[in-house]
Amino acid sequence: MKTKERILVEALRLFEKRGFEAVSVSDIAGCMGMTKGALYRHYRDKQDILESIIEQMRENDRIRAQEYEVPEDTFRETPEDYRESELISMIRFLEAQFDYWTEDSFAAPFRRMLTIEQYRSEEMAALHHDYVGGGVIDYITDFFREQMSAGKMRVGEPAAVACEFYGPAYLMMGLYDGAKNKEQIRQMLQTHLKVFEERYVIR
């Protein structure tokens with residue numbers, strides 16, 4: 001891993017544990033075993049580090065959406081993707097995203113940081129909304145509405161079905177963080193997704 005990438009990972013680890021405001025550039029440099037001057041050759045300041053973390057998350061999201069063949073952008077930008085994708089792809093995507101948000105060395109601390117920091121900063125609250133909160137519900141609502149319109153899933157109220165689909169996964173991410181038996185939480189998610197698939201996928 002390159003030094004510039006390692007700085008982001010180390011900074012995320014510190015932000016998750018101490019909070020964004022409590023961590024200084026000196027703290028990050030110290031954990032990296034480098035001077036502040038050396039770190040400044042890679043990033044202008046702590047905000048620049050945060051913006052680079054966010055940019056990396058955006059790129060990761062784009063790649064993952066492509067991999068699971070679900071829409072990359074908002075409905076307004078690419079409405080055809082919401083109609084042409086398949087419901088089963090979204091179900092598999094959520095299962096993969098659960099592992100990503102709970103186990104990935106970059107995404108998991110990012111999620112935990114946002115969970116804490118959303119109460120301290122409007123910027124962090126907006127990021128939490130976009131990445132793991134209401135923004136996800138909006139995305140899934142648009143997806144389900146188009147799937148229902150295309151006759152690809154059983155009909156319901158799209159926003160309510162989106163909450164039914166994503167709500168348990170969001171809850172289980174929080175449970176997973178402190179669980180002694182993490183596999184049990186993962187099995188709960190798999191059961192939830194199987195029941196959802198049986199209820200809504202049209203065979």
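In this text, all values refer to a predicted model and were calculated from it rather than measured experimentally.
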note = CG (D73) and CG (D81) are apart, to the nearest 0.5 Å, by 7.5 Å
ask   = Salt bridge between R58 and D61, side-chain N to carboxylate O under 4.0 Å?
value = no
Salt bridge present between K182 and E103 (N-O < 4.0 angstrom) = no
ask   = So, E95 versus Y100: side-chain donor-acceptor pair below 3.5 Å or not?
value = no
request  = List the atom of S85, the atom of K152, and the distance in Å for their closest heavy-atom pair.
outcome  = O-NZ, 3.1 Å
request  = Could you tell me whether Y131 and F110 have their ring centroids closer than 6.0 angstrom?
outcome  = yes
task = Verify the distance criterion only: is there a donor paired with an acceptor across the side chains of T74 and E77 at less than 3.5 Å?
result = yes
ask   = Are any of the side-chain nitrogens in E21 or R120 under 4.0 Å away from the carboxylate oxygens of its partner?
value = no
task = Mind checking side chain to side chain contact (heavy atoms under 4.5 Å, CB included) for C31 and listing every partner two or more places apart, or none if nothing turns up?
result = E10, R13, L14
key: Residues that Y40 engages under side chain to side chain contact (heavy atoms under 4.5 Å, CB included), provided they are two or more places apart   = V25, K36
query = About how many Å separate CD1 of I53 and CZ of F106, when rounded to the nearest 0.5 Å?
reply = 5.5 Å
query = If we ignore angles and hydrogens, is there a donor and acceptor under 3.5 Å between the side chains of D27 and S24?
reply = yes
request  = Look at D99 together with R186 and state whether they make a salt bridge at an N to O cut-off of under 4.0 Å.
outcome  = yes
query = Using 4.0 Å as the upper bound for N to carboxylate O, is an ion pair formed by E51 and K46?
reply = no
SB check E59 R62 (cutoff 4.0 Å) = yes
